[in-house]
Amino acid sequence: MKYWLVKSEPFKYSWDKFNEDKKTFWDGVRNYQARNNLKEMKKGDLVLFYHSNEGKEIVGVAEVIKEFYQDPTTDDTNWVVVDLKPKHTLKKSVTLEQIKTDEILQHTGLIKQSRLSVMPFTEDQFNRVLLLGGMG
DNA sequence: GCCAACGTTGGC
DNA sequence: GCCAACGTTGGC
């Protein structure tokens with residue numbers, strides 16, 4: 001199983017909205033590196049949900065329930081989506097501030113490549129987020 | 001609102 | 001194939 005992190009601006013699509021919807025297809029990815037990451041997601045993989053701009057914190061964990069397929073919001077076959085459903089809400093959000101100063105998490109793409117919207121996490125990094133999020 | 005980082009586009 | 005110009009993202 002693999003681990004990932006996706007970003008969303010809460011203004012556009014928040015964790016709360018995601019929980020109301022019960023599931024969503026992850027659309028709007030228009031960057032090849034992020035797209036390639038989407039394509040590598042397998043059913044059952046766990047995905048951290050990060051609020052960018054507003055909040056700047058990891059708020060929950062989602063699960064991949066359907067692997068990649070053509071993005072229904074465009075005819076351009078370059079772009080794909082995956083289906084996600086909410087799994088856990090973190091007891092405590094893990095803030096960017098914490099991530100930047102944490103020995104394990106400061107090495108994640110969130111810090112090193114701040115513009116990438118879909119990125120892989122290692123198991124260690126993933127577990128560290130759960131621990132800091134009060135889910136350990 | 002500004003700016004750094006970085007991806008993409010297009011002229012040559 | 002290089003590189004300048006431009007656009008977008010996201011932190012501050």
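Naming convention: chains lettered A, B, ... in sequence-line order (proteins, then strands); numbering from 1 in each chain. This one's a predicted model, so the numbers in the text were calculated from it and none came from an experiment. Computed over heavy atoms, backbone and side chain alike; hydrogens, waters and symmetry mates excluded.
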Quiz item: Rounded to the Å, how far apart are I111(A) CD1 and dA5(B) P?
Solution: 14 Å

Quiz item: R35(A) side chain to N78(A) main-chain N or O, any donor-acceptor pair under 3.5 Å?
Solution: yes

Exercise. Please confirm whether the backbone N or O of F25(A) pairs with a side-chain atom of K66(A), one donor and one acceptor, at under 3.5 Å?
Key: no

Quiz item: What parts of residues 26-33 of chain A reach DNA chain C, counting only heavy atoms under 4.0 Å away?
Solution: none

Working to the nearest 0.5 angstrom, can you tell me the gap between [X] [atom1] and [Y] [atom2]?
X	Y	atom1	atom2	result
D45(A)	E40(A)	CG	CD	10.0 Å
I99(A)	Y50(A)	CD1	OH	6.0 Å
I58(A)	K92(A)	CD1	NZ	13.5 Å

Quiz item: Would you call the rings of W79(A) and Y32(A) parallel, tilted or perpendicular if under 30° counts as parallel and over 60° as perpendicular?
Solution: tilted

Self-check item: Geometric class of the F18(A)/W26(A) ring pair [parallel <30°, tilted 30-60°, perpendicular >60°]
Solution: perpendicular

Please write out each protein N/O paired with an N/O of nucleotides 8-11 of chain C under 3.5 Å, distance rounded to 0.1 Å.
| residue | atom | partner | partner atom | Å |
| --- | --- | --- | --- | --- |
| dT8(C) | O2 | R115(A) | NE | 3.4 |
| dT8(C) | O2 | R115(A) | NH2 | 3.1 |
| dG11(C) | OP1 | Y50(A) | OH | 2.9 |
| dG11(C) | OP2 | N53(A) | N | 3.0 |

Quiz item: Ring centres of F49(A) and W4(A) under 6.0 Å apart?
Solution: no

